[in-house]
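All remarks here apply to the structure that follows.
Below, chain A is the first sequence line, B the second, and so on; all start at residue 1. The structure displayed is predicted, hence computed values, not measured ones.
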Amino acid sequence: MNKAFRPAALLTVFIALAGPFSASADENGGGMRKDASLRFVAYSWYGKPSETGANPGNMTLNLPYRGANAEARLDLTLEGGPLLLWARPRATADAESWNSGRDRGECRTETDFVLIEGGARLKLHERLFLTAGRENLQWGPAQLTSPSNPFFPMNTRDNPMREMGGMDFVRAVWVPGGGFSVSLLANAGPGEAPSPPAGWRPSRALKIDWTGTEAGGGLMARSGEGVEESVGAYGQWTASDALLLYGDAGISFGNRLPYPVADKSPVGGRFEYKLEDGRKPLADWLIGGSYTTLAGPSIYLEYLRNQAGYDPGEADLLFQMAGKLGRLFERGFAVPAGALPTPGGFLGRNYLMLQLYDGQTVKDTSLILRLTASLDDKSAAIGLYADHALSDRWRVYAHGTVLTGGGYREYGMAMTGRFTLGAEFSAF
Amino acid sequence: MSAMKLRILPATLLTMLFLASFARAEPSTREILEKSDRARGKVSGLVWTVKMTDSQGGETREEVLEVKARSTDALATHLEPPRIKGQKLLIAGRNMWFIKPGVSRAVPISPRQKLMGKAANGDIASTNYAGDYDAVPAGEETLGKEPCYVLDLTAKTKNLTYDRIKYWVSKSSGLGLKADFYTVSGKKFKTARFEYGNAVTIDGAKIPFVSRMTIEDEIKPGESTVLEYSKVEVKPLPDSTFDLNLLAR
């Protein structure tokens, strides 16, 4: 969905769209409520692709080493009577450069204009709502991933500046009382969400949520033609003023993900969709908790069991195949390009996440220090995110990640590190 | 003489009965708290604007929120400054979520996480001291020129924002005027003073309503956070107002 556009013209359109909204923002005259916000985000990043092991000379993954991005983020809301309309258009300009790999010496630019979320909600009754539009439907308490959510399992909570596009849904929400909420969802289109590894297909789901005084939870079931059936559940308990305990789990019946199998081909293996028949139940589950200290910082600890992931033998075969693929590229073989398929966001089966969040110690500054480790191959990603408010409208942020483990491990195979520096200006 | 005694005795008894009935009119601690809670937001539903001003080290910063509160539920949406406009805090009992605009994800947070400066998340919601705390009378004191009941409040569960509170309630108006907040270890860590410049109509009666809460840090003198409450509207709020599935957009 990349379209050429003229940034100046688009900006004019944005402001023209937002003008009537911002002029009357916070007004409630005539039962109409309008609101608008416009933010400009710009950031630049530098990364060091791994050039050994599974990514020799960066030929396998062909990752850029630096880039820059500028983005205009407009949020519009119009509410009148039973109808709520909202839109979140985004205009982006990206540039990426390569100093190794198949595109060494190249610099590419790309502009895009997308509606990451938007739609309409109609209140049919005080307790019944009908929504149609593009939404990023997130649920569950975990920081690392949401196994009960088949639509958006990766919640991007590691980087608060990152936005994720929504999928197209039609859903009915019934709020019967007692803390319950029942949602019927039809996922009608892929929208602007990241493509699932096995491709997108329409599906429908039933979700029941409950929120009590000190706890909450939910159940979910999804089905659809050509989509693995799945059920999920999550729960959280505010055990004390400082302690949260939670869990999140999903069971899918088979999957349409590729698994490596050794053979005598030049790359030493091929991919098979061995769980496609939908007979094998696969359970992904996460348990975790957070503790907020009296001084302010919060500590999170989570364990993820990803049963659909590769076993150590499969993971090792994947790395060997990747390395051989890269060496074929190095020798000029015309091997089809493209990233290696992996089973969703996590390659292996066992993960641990430790996170520290501090929004108190340094004035106007939020810090997130996160360690995500694969317990299978002992590789890890260590990230530090810092966000500092310079004024009521300006803030700057930095995000650095170090990936350890070396060239034949999950977190070390692609890059050894990446650093991002950015700024955000909120116009209104 | 005996006839006179016979006339005095009933009169004395009547006087004593009158005085005794007057003594019974002294409100219970629960009644005191319920009345003071009502003037601090314990109503069927409430929409108000809260301006928070935090002062630290000679610097001040402001945030403005729209708050919808009902019983133990509250939804706070940041209106100002532009940098955080649209951020939401949802409180459902002891459960709390933080929602950032644009990313549509609700992150659960603990009640201990602070809202801003000295203000806890619970400070923007309605007050329910009568339901949440066991109260013991701790004498009477004059605050300024206002005679007050002094109550020692101890949290009924360990899950409340404050473990122990010393609370001054005006004898004449029934309004909570001052509160000292203590840590579990018994150390006083902040003091709040309340003003009642707003008025709302409940069940046809106009009552004073909280307009300002000034929180002073007892551990770091000179640091304070002021919450000013305006545009107060008392109205029923439906369950859907506090439903996570309908919130992020």
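Counting heavy-atom pairs closer than 4.5 Å to chain B, the top residue among A:Ala215, A:Gly133, A:Gly166 is A:Ala215. Counting heavy-atom pairs under 4.5 Å between each of A:Arg39, A:Lys123, A:Glu424 and chain B puts A:Arg39 at the top. Most heavy-atom pairs under 4.5 Å with chain B: of the set A:Thr213, A:Val173, A:Val175, this distinction falls to A:Thr213. Contacts with chain B were tallied for A:Ala389, A:Ser290, A:Pro176; A:Ala389 has the most, counting heavy-atom pairs under 4.5 Å.
The CD atom of A:Glu126 sits 5.5 Å away from atom OG of B:Ser240, with the distance rounded to the nearest 0.5 Å. The structure places CG of B:Asn245 at 6.0 Å from CZ of A:Arg171, a figure rounded to the nearest 0.5 Å. Here the straight-line distance linking atom OG of B:Ser110 with atom CG of A:Leu243 works out to 8.5 Å at 0.5 Å rounding. Between atom CZ of residue B:Arg61 and atom CG of residue A:Asp364 there is a gap of 5.0 Å, rounded to the nearest 0.5 Å. A:Tyr357 contributes atom OH, which lies 8.5 Å from atom CD1 of B:Ile109 (distance to the nearest 0.5 angstrom).
Under the 3.5 Å distance criterion, the side-chain polar atoms of B:Lys85 are matched with a main-chain donor or acceptor of A:Ala36. When atom types are taken as modelled, the side chain of B:Asn95 and the backbone of A:Thr211 share no donor-acceptor pair closer than 3.5 angstrom.
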Steps toward side-chain contact (heavy atoms from CB on, under 4.5 Å) verdict (A:Arg393, B:Arg83): CA-CA 5 Å; A:Arg393 295 185 186 277; B:Arg83 178 172 47 79; 5.8 Å; no
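Ion pairing between B:Glu66 and A:Arg33 holds under the 4.0 Å rule for side-chain N and carboxylate O.
When all heavy atoms of A:Thr238 and B:Pro111 are compared, the pair lying nearest together is CG2-CD, 3.7 Å. In this structure, A:Arg127 and B:Asp239 approach most closely via the heavy-atom pair NH1-OD2, 2.9 Å.
For B:Lys68, the salt bridge (Lys or Arg N to Asp or Glu O under 4.0 Å) test picks out no residue, with sequence neighbours left out.
When the options A:Ser391, A:Ser426, A:Ser37 are evaluated for a side-chain contact (heavy atoms from CB on, under 4.5 Å) with B:Pro82, the one that passes is A:Ser426.
Within 6.0 Å of CH2 in A:Trp174 there are 12 or fewer heavy atoms belonging to other residues, nucleotides or ligands.
Within the 4.5 angstrom heavy-atom criterion, atoms from both the backbone and the side chain of A:Thr292 approach chain B. With a 4.5 angstrom heavy-atom cutoff, A:Tyr291 touches chain B only via side-chain atoms. For a residue to count as touching a neighbouring chain, one of its non-hydrogen atoms must lie under 4.5 Å from one of that chain's; by this rule A:Lys363 touches chain B with the side chain only.
Within the 4.5 Å cutoff, side-chain heavy atoms of B:Leu246 are placed close to those of A:Phe129.
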